[in-house]
Amino acid sequence: MRQESTQTSEMLLFVISFATLVCTAAARPSLNYLENHFTADNESEEVRSAAIKRLLEVFGMEDPPAIHGHKQAPQYMLDLYNTVADVDGVTKDPYLLEGNTVRSFFDKLRSEQVEYRFNLSMVARTEKILTAELHLFKLRPQATMTFHRHHFCQVSVYQLLDTSRNNNTQERKLLSSRLIPVHSTGWEVFTITQAVRSWMIDESSNLGLHVVVRTLGGSQMDMKMIRFASGRNHHQSKQPMLVLFTDDGRRSTNVENTDLNDTGATSSLPQAPMSDTPSRSARSLDYSEEEGVSSPCQRQPLYVDFEEIGWSGWIVSPRGYNAYHCKGSCPFPLGQNMRPTNHATVQSIINALKLIKGIEKPCCVPDKLFSINLLYFDDDENVVLKQYNDMVAGSCGCH
């Protein structure tokens with residue numbers, strides 16, 4: 001009897017142990033599950049990396065710039081951005097900006113003397129140099145010099161030359177010269193395009209710039225009377241700066257690129273509902289389940305958030321923009337509010353009459369594209385304003 005009881009206990013213990021093992025195995029993810037989950041995560045990361053890389057290519061970059069610490073963009077560049085772009089970065093007027101790129105460079109020499117040097121290595125040799133400007137902040141004369149008899153002075157900017165090359169005997173070359181009120185204060189701008197073009201041809205010829213101040217009679221001016229802010233002793237907001245306007249040769253696609261002031265095209269199209277709460281009418285705009293027919297071709301929001309992408313560290317403005325996208329059907333007959341091309345109208349008729357097999361309906365696509373402006377830091381921590389074509393769907397049509 002005792003033997004049977006012992007056998008029964010051993011059997012019960014075995015059953016409990018086996019059940020525990022089965023439950024543990026069931027609760028623990030299988031090797032196949034772990035492998036599949038790991039592969040899915042890897043594939044997701046690969047897709048994200050490929051997408052970010054492609055987006056960088058759209059913005060003309062190989063890698064996102066590495067910015068160390070918080071940097072302040074020059075006020076001139078912020079003002080220029082606000083002049084050419086709206087709050088979302090969309091271009092106000094395509095003819096406001098000369099070229100499609102503006103760069104600002106701070107003086108690298110930081111000398112006590114009125115000499116300046118700028119590192120232009122971030123400018124591609126393929127870019128066309130349109131205009132180069134030297135921006136100097138003129139300080140007030142020292143108090144002891146207030147009653148000086150001179151009211152104007154002659155400020156001249158020279159390009160420093162290498163006398164050891166090509167039998168050159170000149171030490172400098174005049175680039176720009178003009179009269180400035182002695183008692184004024186604020187930014188003074190000098191054109192130095194000729195020098196920058198020569199530096200782009202031969203980088204080693206960039207020896208910098210030298211500023212000379214003279215009286216109207218031609219004699220040297222007292223530097224206590226005429227003072228310019230330097231990169232060493234004055235606030236960053238007043239540092240000497242080179243502003244370069246260039247064009248990288250990029251052109252828009254064949255889709256018509258129209259001024260945003262032409263609102264007639266977009267206003268004729270129904271706009272997508274912006275409410276966050278799904279309603280019957282909002283749902284029917286996307287798809288009518290009863291009829292089984294999609295809504296007519298229209299423009300709908302598509303917000304690109306640079307912070308979500310991970311670019312907020314180097315992009316100054318905008319924080320994101322609404323690219324919009326086109327969605328909907330192009331049913332027969334195509335009305336004028338669908339903005340159809342003649343080709344789309346003919347295709348729609350052929351499709352409706354089923355004259356030729358395999359001919360689809362026209363597609364809902366952007367028929368006007370607008371450019372956006374990006375203000376950002378490059379790898380050398382220069383601030384760049386760049387205009388990118390064909391980034392916003394201005395209106396949609398059946399094509």
Side-chain angles (χ1 to χ4, degrees), residues 40 43-44 46-48 50-60 88 90-91 94 249-275 278-304 321-372 387-399:
E43 287 178 355
S44 177
E46 285 177 7
V47 169
R48 176 180 170 80
I52 296 296
K53 182 177 175 60
R54 183 68 189 95
L55 190 59
L56 282 167
E57 289 173 1
V58 170
F59 288 108
D88 293 321
V90 180
T91 304
R250 287 181 294 108
R251 292 291 176 265
S252 63
T253 61
N254 292 328
V255 179
E256 183 183 0
N257 192 320
T258 309
D259 188 355
L260 276 176
N261 292 328
D262 179 17
T263 55
T266 56
S267 62
S268 64
L269 288 171
Q271 299 301 305
M274 299 302 290
S275 173
S279 62
R280 180 67 186 89
S281 59
R283 186 164 62 94
S284 66
L285 277 173
D286 286 336
Y287 192 84
S288 174
E289 294 178 0
E290 289 78 13
E291 297 175 11
V293 179
S294 62
S295 61
C297 178
Q298 60 186 309
R299 189 177 74 155
Q300 297 197 10
L302 173 61
Y303 190 76
V304 181
Y321 77 100
N322 204 335
Y324 293 99
H325 71 112
C326 297
K327 185 178 181 181
S329 66
C330 296
F332 177 83
L334 295 178
Q336 286 305 307
N337 64 319
M338 299 287 184
R339 299 176 57 80
T341 60
N342 288 338
H343 180 273
T345 301
V346 172
Q347 182 174 331
S348 177
I349 294 169
I350 298 296
N351 170 267
L353 297 178
K354 296 181 172 50
L355 296 178
I356 302 175
K357 211 177 217 182
I359 300 299
E360 302 291 337
K361 292 179 180 179
C363 297
C364 178
V365 295
D367 60 0
K368 288 189 186 298
L369 294 168
F370 300 140
S371 61
I372 66 165
Q387 205 168 81
Y388 297 92
N389 292 325
D390 308 336
M391 299 294 287
V392 176
S395 64
C396 302
C398 293
H399 288 201

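Given the structure is predicted, the values throughout are model-derived calculations rather than measurements. Side-chain atoms are counted along with the backbone in the values below, which use heavy atoms only and exclude waters and symmetry mates.
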By side-chain hydrogen bond (donor to acceptor under 3.5 Å, both in side chains), which residues pair with Gln387, not counting sequence neighbours?
Asn373
Any non-hydrogen side-chain atom of Val392 less than 4.5 Å from a side-chain atom of Tyr321?
yes
With sequence neighbours left out, the residues meeting ring pair (Phe, Tyr, Trp, His ring centres under 6.0 Å) with Phe59 are Trp311, Tyr388
For the student: nearest non-hydrogen atoms of [X] and [Y], plus distance:
X	Y	answer
Ser371	Thr91	OG-OG1, 2.5 Å
Pro362	Leu334	CG-CD1, 4.1 Å
Pro331	Met338	CD-CE, 4.2 Å

To the nearest 0.5 Å, tell me how far [X] [atom1] sits from [Y] [atom2].
X	Y	atom1	atom2	result
Met391	Ile372	CE	CD1	4.0 Å
Gln298	Ser329	CD	OG	9.5 Å
Phe370	Asp390	CZ	CG	11.0 Å

So does Ala393 get a backbone contact from the side chain of Arg299, meaning a donor-acceptor N/O pair under 3.5 Å?
yes
How about Cys326 and Cys297: are their SG atoms under 2.5 Å apart?
no
Just grab all the disulfide (SG to SG under 2.5 Å) pairs involving residues 327-361, residues at least two apart or on different chains.
Cys330-Cys398
Kindly list each side-chain donor-acceptor pair under 3.5 angstrom involving residues 341-360, sequence neighbours excluded, with atom names and distances?
unit_1 : atom_1 : unit_2 : atom_2 : d
Thr341 : OG1    : Ala344 : N      : 3.1
Thr345 : OG1    : Thr341 : O      : 3.1
Gln347 : NE2    : Glu360 : O      : 2.9
Asn351 : ND2    : Ile359 : O      : 2.7

